[in-house]
Structures are given as C-alpha cells and as structure tokens.
Amino acid sequence: MPTAHLGAAGGDLDAAARALDDPSSLTADAADRLRRAVDAAVDHVCQGAAAAAALSLLVLLTFAPRRFPVLTDEPTDR
C-alpha cells in the first residue's frame, strides 16, 4: 500500500498501529483499509514462514541419508 494512502499513518507498521489507536486521525474508510492492509501483511508473513518450514523439511528429508552407518565398537581385550 503506498504511503500516500496512509495519510497520518506514515509508512511503517508502528505508525499504522498508532494511527489505528487514535480513531480521530483516520476516517472510517481509511482505518478499515489500513486494518485490511495490516491483516494481509501478517497473512503473507505467516505464509512465508510456513513455506520456509516446509522447504526446510523437504531439504532435510532429501539430503539426509536414509540409513546412517552403524559404528560397532570392537571389543578390546585388556
């Protein structure tokens, strides 16, 4: 969302949160749009984290050896 549409909210998430805390700083339509934008941003972050987790699991399962070599200790005669 371009900063020009945020008006009093500025361009970062802290400014958007402060603007939503003060109902007089935004019109009802602008506040609704800002809430929807923050919601969409949070959804994208969560989807990205889930994709990274799935990719990490896939890499682990693909590159980890299927069978690890078993090292046997030779009995030592003392």
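Worth knowing before you read on, the calculation uses all heavy atoms, side chains too, and leaves out hydrogens, waters and symmetry mates.
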State which residues pass side chain to side chain donor-acceptor pair (under 3.5 Å) with Asp22; sequence neighbours excluded, sorted by chain then number.
-> Ser24
Only counting residues at least two apart or in another chain, list the ones meeting side chain to side chain donor-acceptor pair (under 3.5 Å) with Arg18.
-> none
Rounded to the nearest 0.5 Å, what's the gap from CG on Asp29 to CG on Leu34? Could you check?
-> 11.0 Å
Heavy-atom pair of closest approach, residues Ala19 and Ser25 = O-OG, 3.1 Å
Residue pair Ala31 / Leu20: nearest heavy atoms and the distance that separates them | O-CD2, 3.7 Å
Give the C-alpha distance, both sets of side-chain angles, the deciding distance and a yes or no for salt bridge (Lys or Arg N to Asp or Glu O under 4.0 Å) between Arg35 and Asp39.
-> CA-CA 6 Å; Arg35 282 188 190 94; Asp39 181 55; over 6 Å; no
Under 3.5 Å donor-acceptor pairs involving side-chain atoms of residues 42-58, not counting sequence neighbours:
residue : atom : partner : partner atom : Å
His44   : ND1  : Ala40   : O            : 2.7
Ser56   : OG   : Ala52   : O            : 2.8

